[in-house]
Enquirer: 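Got a structure here, written out as structure tokens. Questions coming.
So you know, we letter chains A, B, ... as the sequences are listed, proteins then strands, and number each from 1.
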Number of protein chains: 2
Amino acid sequence: MKQYEHPPADAFDLTTILHALSDPYRLSIVQKLSVLQPQPCAPLQGDRPKSSVSHHFTVLRKAGLVRTVVVGVTHMNSLRDAELEARFPGLLTTILAAAAREAAQPAKS
Amino acid sequence: MKQYEHPPADAFDLTTILHALSDPYRLSIVQKLSVLQPQPCAPLQGDRPKSSVSHHFTVLRKAGLVRTVVVGVTHMNSLRDAELEARFPGLLTTILAAAAREAAQPAKS
DNA sequence: CTTATAGTTCGACTAATATCGAACTATTCA
DNA sequence: TGAATAGTTCGATATTAGTCGAACTATAAG
């Protein structure tokens with residue numbers, strides 16, 4: 001039952017977090033996790049190959065956005081929302097709200 | 001007195017904004033503008049060559065973060081904070097607060 | 001008209017990121 | 001033990017982004 005490395009909350013870096021969230025696919029993963037948590041990778045996969053999905057989860061993990069716990073054969077992912085809130089109050093919430101807003105009114109042109 | 005193209009507020013794209021802010025140099029420009037507005041490019045230049053600075057301002061402009069008005073020989077930059085607030089409430093404010101927090105307690109390791 | 005100033009544009013180069021197939025690892029279940 | 005499942009790792013390739021010198025543009029001032 002090997003587990004993952006996760007950065008401690010006091011090592012969270014703002015630009016790293018913003019970069020992780022600046023990819024539409026990764027942002028969509030975070031959005032989905034915010035609704036249902038924890039979740040394995042598979043249902044969040046979309047149409048991408050597994051190797052790409054794995055790459056994006058690595059980015060999210062290294063940024064401190066997601067915690068992955070290996071339980072049996074599946075890897076359960078959840079947002080590190082409490083820790084993020086402690087380090088950068090309101091950040092994740094506000095970005096998720098913005099994402100929801102954009103879903104309601106997509107950028108024109 | 002040629003002026004710049006700026007995207008309208010309803011064309012602001014969240015991931016484009018996050019990407020623009022995920023570069024430390026660009027984030028620092030936005031931070032400085034939030035304190036003193038408007039400002040020409042020169043005082044925000046740091047030690048970079050003009051062509052790099054120009055590139056980063058282009059990214060900020062295209063994302064909708066900065067408005068540049070040509071007045072005489074200088075280009076005055078300001079944040080499009082009201083428009084950003086209208087499209088993505090709290091986003092810029094929260095990110096700037098996070099940046100301030102990180103400045104106070106830099107990421108460890 | 002000449003010079004200085006402020007910033008852009010171009011082009012070449014480098015570095016970082018994303019994509020994806022194929023082979024691999026760990027765990028569960030029959 | 002063998003097969004299935006879930007996801008990782010590797011390696012090659014493609015795309016995107018950042019850096020910077022040099023030439024250029026527009027305005028202002030002498």
Enquirer: Which whole-number value in Å describes the distance from A:Q45 CD to D:dA6 C1'?
Expert: 10 Å
Enquirer: For the atom pair CZ (A:F88) and CG (A:L14), what is the distance rounded to the nearest 0.5 Å?
Expert: 5.0 Å
Enquirer: Identify each donor-acceptor pair in which a side-chain atom of residues 67-80 of chain B lies under 3.5 Å from a protein atom, sequence neighbours left out, and give them as a table.
Expert:
unit_1	atom_1	unit_2	atom_2	d
B:R67	NH1	B:E83	OE1	3.2
B:T68	OG1	B:R61	NE	2.9
B:T68	OG1	B:N77	OD1	2.8
B:H75	ND1	B:Y4	OH	3.0
B:N77	ND2	B:Q39	O	3.1
B:N77	ND2	B:H75	O	3.4
B:R80	NE	B:E83	OE1	3.1
B:R80	NH1	B:P7	O	2.7
B:R80	NH2	B:P7	O	2.9
B:R80	NH2	B:E83	OE2	2.8

Enquirer: To the nearest Å, how far apart are A:H56 NE2 and D:dA6 P?
Expert: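 Between P of D:dA6 and NE2 of A:H56: 20 Å.
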Enquirer: Which residues satisfy the ring-ring contact (aromatic ring centres under 6.0 Å, His included) test with A:H19, sequence neighbours excluded?
Expert: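 Counting only residues at least two positions away or on another chain, A:H19 forms no ring-ring contact (aromatic ring centres under 6.0 Å, His included).
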Enquirer: Starting at CG of A:L60 and ending at C1' of C:dA18, how long is that distance when rounded to a whole Å?
Expert: 14 Å
Enquirer: The side chain of B:S51 lies closest to which of these nucleotides: D:dT8, D:dG21, D:dA6?
Expert: D:dG21
Enquirer: Rounded to whole Å, please give me the gap between CD in B:Q3 and C1' in C:dG7.
Expert: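 B:Q3 atom CD is separated from C:dG7 atom C1' by 13 Å.
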Enquirer: Nearest whole Å is fine: how far is D:dT5 P from A:K50 NZ?
Expert: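 Taking atom P of D:dT5 as the reference, NZ of A:K50 is at 10 Å.
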Enquirer: Side chain of B:P49 only, please: which of D:dT5, C:dT9, D:dC20 is the nearest?
Expert: D:dC20
Enquirer: Out of D:dT8, C:dA6, C:dT8, which has the shortest distance to the side chain of B:S54?
Expert: C:dT8
Enquirer: Mapping A:T68 and A:V73 onto DNA chain D by nearest heavy atom, which one lands closer to the 5' end?
Expert: A:V73
Enquirer: Verify the contact: side-chain N or O of B:Y4 to OP1 or OP2 of C:dG7, cut-off strictly under 4.0 Å; return yes or no.
Expert: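 Looking at the OP1 and OP2 atoms of C:dG7, neither is under 4.0 Å from any side-chain N or O of B:Y4.
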Enquirer: Taking all non-hydrogen atoms of both residues, which atom of B:S34 and which atom of B:L96 are closest, and how far apart?
Expert: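 For B:S34 versus B:L96, the nearest heavy atoms are CB-CD1, 3.6 Å.
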Enquirer: Check B:D23 against B:H56 and note the closest heavy-atom contact, atom names and distance.
Expert: OD1-CE1, 4.0 Å
Enquirer: What residues from residues 17-41 of chain A pass a heavy-atom cutoff of under 4.0 Å to DNA chain D?
Expert: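 Listed by number, they are A:P40, A:C41.
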Enquirer: Does A:S52 use its side chain to pair, donor to acceptor, with the backbone of A:R48 at less than 3.5 Å?
Expert: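 Not at all, since once roles are kept as given, no pair shorter than 3.5 Å links the two residues.
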Enquirer: Using a 4.0 Å heavy-atom cut-off across all strands, classify A:H55 as base, sugar-phosphate, or nothing.
Expert: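 Base contact.
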